[in-house]
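When a residue number appears, it is its place in the shown sequence, counting from 1. The figures here come from the full heavy-atom set of this structure, side chains too, leaving out hydrogens, waters and symmetry mates. Computed from a predicted model, the values in this text were never measured in an experiment.
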Amino acid sequence: MFNKLTEQLQKDPKTIVFTEGPDARILEAADKLLKDKILNVILVGEKAEVEEAAKNGGFNIEGAEIINPADYEEMDAMVDAMVELRKGKMSPEDCRANLMKGNYFGTMLVKMGKADCLLGGATYSTADTVRPALQLVKTKPGAHLVSSCFILVKEGAEMLAMGDCAINIDYQDTVDKEGNVTFSAADKLAEVAVETAKTAETFGMDPKVAVLSFSTKGSGKGGTVQLSHDATIKAQALAPEMAIDGELQFDAAVSPVVAATKCQGSKVAGQANTFIFPNIEAGNIGYKIAQRLGGYAAYGPILQGLNAPINDLSRGCDAEEVYKMALITAGLA
C-alpha cells in the first residue's frame with residue numbers, strides 16, 4: 001500500500017501542512033518526506049524554534065516552508081475569510097486569536113488553497129483537530145457527519161478497514177424542534193459504512209462490508225441489534241454496487257465455516273474485510289485487539305466526510321507513524 005502511495009505522490013506531489021512544526025516526530029517525518037521528494041511540506045511554528053528543534057534532532061528540513069501565524073503576511077485576509085465562514089459566531093478578534101493556534105491556522109491554509117491536506121494531533125487532542133475542520137472546511141456535499149476508520153495492515157495478509165473507532169461515541173436520531181426524526185441513527189451508521197468502504201477502495205481494497213453486532217440475522221435481540229440491522233438495509237440502498245451485509249457477528253463475518261451455517265448465500269459473510277461497529281466502544285476495542293493480539297499495524301484515525309483530507313495523529317505516535325499517516329492523508333487529496 002505504501003509503495004503504491006509513494007509512487008502516486010512522487011508523480012503528483014501534494015502539499016501537506018503539519019500543525020505542530022517544532023515536534024521532533026513531525027520533523028523526522030518531514031525530513032524523510034522531503035528527502036524522498038514525496039510531498040511539499042509546510043510546518044506551522046516560530047521559524048527559529050522549528051529550525052533549532054530540527055538542528056538538535058539532526059533533521060534536514062531544507063525545502064520545507066515554515067510559517068509563523070504571528071507574522072503571516074496574509075493574516076488579515078485569513079481573518080476576514082474565517083469571520084465569513086463562522087457567520088457571526090466569532091468576532092474578528094476571536095478569529096484572529098484562534099488563528100494564532102496551529103490547528104486553526106493550518107486548517108485555514110487548507111481552506112484557502114495554500115495546502116492540499118493537513119495532519120495534526122501529535123500534541124493536540126482529536127477534538128482540537130476535528131473542531132476547526134468542522135467549523136472551517138466543513139462536511140462535503142451529501143455528508144451528514146464526520147466519521148473515521150482505521151486501515152490495518154499485516155505482512156503477508158490482506159488489509160482490513162474498521163470504522164468508526166474514534167469519532168462517533170454512538171448513534172442517535174437527529175430530531176427537529178417538533179420532535180420529527182430528520183436523520184435517523186441507522187442513517188448515520190449506514191453513512192459510516194459506505195464512507196468506510198470508499199476509504200478502503202481508495203487504498204486498493206475490494207471492500208466486503210460487515211455491519212457487526214452480537215447477533216447474526218436476528219439470532220439475538222436488544223442492544224444495538226436493530227440499529228445494525230436497519231443500517232445494513234440503508235447502506236445497501238445507498239450503495240447497491242457494494243458488498244454490504246449485516247447484522248453479523250464477527251465469527252460469521254470472517255469464518256467461512258460459521259458463515260455456511262448462519263448465513264448461506266451472503267456475499268460478505270465468511271470473507272469480510274471491512275468492519276462497521278455499532279458504537280465507539282466496540283470499535284475502539286476491536287481495532288486494538290487486532291493491533292495488539294493480531295499483529296496488525298493500525299493507521300488512523302482517517303477522517304471521513306470532510307471537504308478536504310484532514311487527519312488526526314495519536315499523541316503517542318512515533319515518527320514512522322507520522323510519515324505513513326502523511327502518505328495516507330496526501331493520498332486522499
Side-chain angles (χ1 to χ4, degrees), residues 14-27 29-30 40-51 53 64-141 143-148 166-169 301-315 317 322 325-326 329-330 332-333:
K14 305 295 183 182
T15 298
I16 189 167
V17 54
F18 292 103
T19 57
E20 298 130 318
D23 189 281
R25 297 163 294 177
I26 301 298
L27 293 167
N40 302 313
V41 172
I42 296 175
L43 301 168
V44 178
E46 199 276 317
K47 186 176 176 66
E49 182 185 1
V50 173
E51 290 178 340
E65 184 178 5
I66 304 170
I67 305 181
N68 182 1
D71 55 24
Y72 183 54
E73 292 181 353
E74 298 181 45
M75 179 56 76
D76 289 343
M78 185 178 278
V79 169
D80 291 342
M82 184 169 170
V83 169
E84 175 62 25
L85 287 166
R86 297 302 291 135
K87 297 189 183 300
K89 295 178 181 177
M90 279 189 187
S91 68
E93 293 74 22
D94 290 337
C95 289
R96 190 176 295 274
N98 274 305
L99 288 169
M100 291 298 113
K101 304 170 187 174
N103 55 341
Y104 274 92
F105 182 78
T107 303
M108 277 303 293
L109 288 178
V110 175
K111 178 63 180 178
M112 297 178 74
K114 307 292 185 182
D116 298 299
C117 53
L118 177 148
L119 186 58
T123 58
Y124 287 113
S125 68
T126 295
D128 285 337
T129 300
V130 174
R131 188 182 307 110
L134 282 172
Q135 292 176 349
L136 305 175
V137 171
K138 304 185 179 181
T139 53
K140 65 185 181 182
H144 297 83
L145 74 167
V146 174
S147 63
S148 75
I167 300 295
N168 295 287
I169 293 175
I302 299 166
L303 300 185
Q304 305 171 147
L306 289 167
N307 252 326
I310 291 177
N311 279 327
D312 181 45
L313 293 162
S314 163
R315 279 175 282 182
C317 66
V322 176
M325 277 301 295
T329 303
L332 294 166

>> For a side chain to side chain contact (heavy atoms under 4.5 Å, CB included) check, start with the C-alpha distance between M108 and L85, then their side-chain angles and the critical distance, and finish with the verdict.
In response: CA-CA 10 Å; M108 277 303 293; L85 287 166; 3.8 Å; yes
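In this structure a side-chain-to-backbone donor-acceptor pair under 3.5 Å is present from N103 to D128. Put simply, the side chain of N311 gets close to the backbone of L303: a donor and an acceptor are under 3.5 Å apart. Between the R25 side chain and the A122 main chain, a donor and an acceptor come within less than 3.5 Å of each other. With hydrogens and angles disregarded, no donor-acceptor distance shorter than 3.5 Å links the side chain of D116 to the backbone of A308.
Rounding to the nearest 0.5 Å gives a distance of 7.0 Å between CZ of R96 and CE of M75. Atom NZ of K138 sits about 12.5 Å away from atom CG of L306, to the nearest 0.5 Å. Atom CZ of F18 is separated from atom OG1 of T329 by 8.0 Å, given to the nearest 0.5 angstrom. Atom OG1 of T129 sits about 11.0 Å away from atom CG of L134, to the nearest 0.5 Å. We find the CD-CG distance between E20 and L27 to be 11.0 Å, quoted to the nearest 0.5 Å. For the atom pair CD1 (I310) and CG (L332), the distance works out to 11.5 Å, reported to the nearest 0.5 Å.
Between P22 and A53, the closest heavy-atom pair is O-CB, 3.5 Å. Residues P92 and V83 share a closest heavy-atom pair of CA-CG2, 3.7 Å. Smallest separation of non-hydrogen atoms from L119 and A326: CD2-N, 3.6 Å. The two residues M90 and C95 come nearest to each other via the heavy atoms CB-SG, 3.6 Å. C317 approaches V322 most closely through the heavy-atom pair SG-CG2, 3.8 Å. Looking at every heavy atom in both residues, P301 comes nearest to S148 through CB-CB, 3.7 Å.
Side chains of I67 and V17 form no contact here, defined as non-hydrogen atoms less than 4.5 Å apart. Residues L99 and P69 form no side-chain contact, since every pair of their non-hydrogen atoms from C-beta on lies 4.5 Å or further apart. Looking only at side-chain heavy atoms (C-beta outward), M112 and M82 stay at 4.5 Å or farther from each other. Side chains of N307 and P141 form a contact here, defined as non-hydrogen atoms less than 4.5 Å apart. Between M78 and L109 the shortest side-chain heavy-atom distance falls below 4.5 Å. Contact check for V146 versus T139: side-chain heavy atoms found under the 4.5 Å cut-off.
Only one option out of E65, E73, E74 pairs with K114 in a salt bridge (Lys or Arg N to Asp or Glu O under 4.0 Å); it is E74.
With sequence neighbours left out, the side chain to side chain contact (heavy atoms under 4.5 Å, CB included) criterion links E51 to K47, I66. Residues passing the side chain to side chain contact (heavy atoms under 4.5 Å, CB included) test with T126, sequence neighbours excluded: V130, I167, D312.
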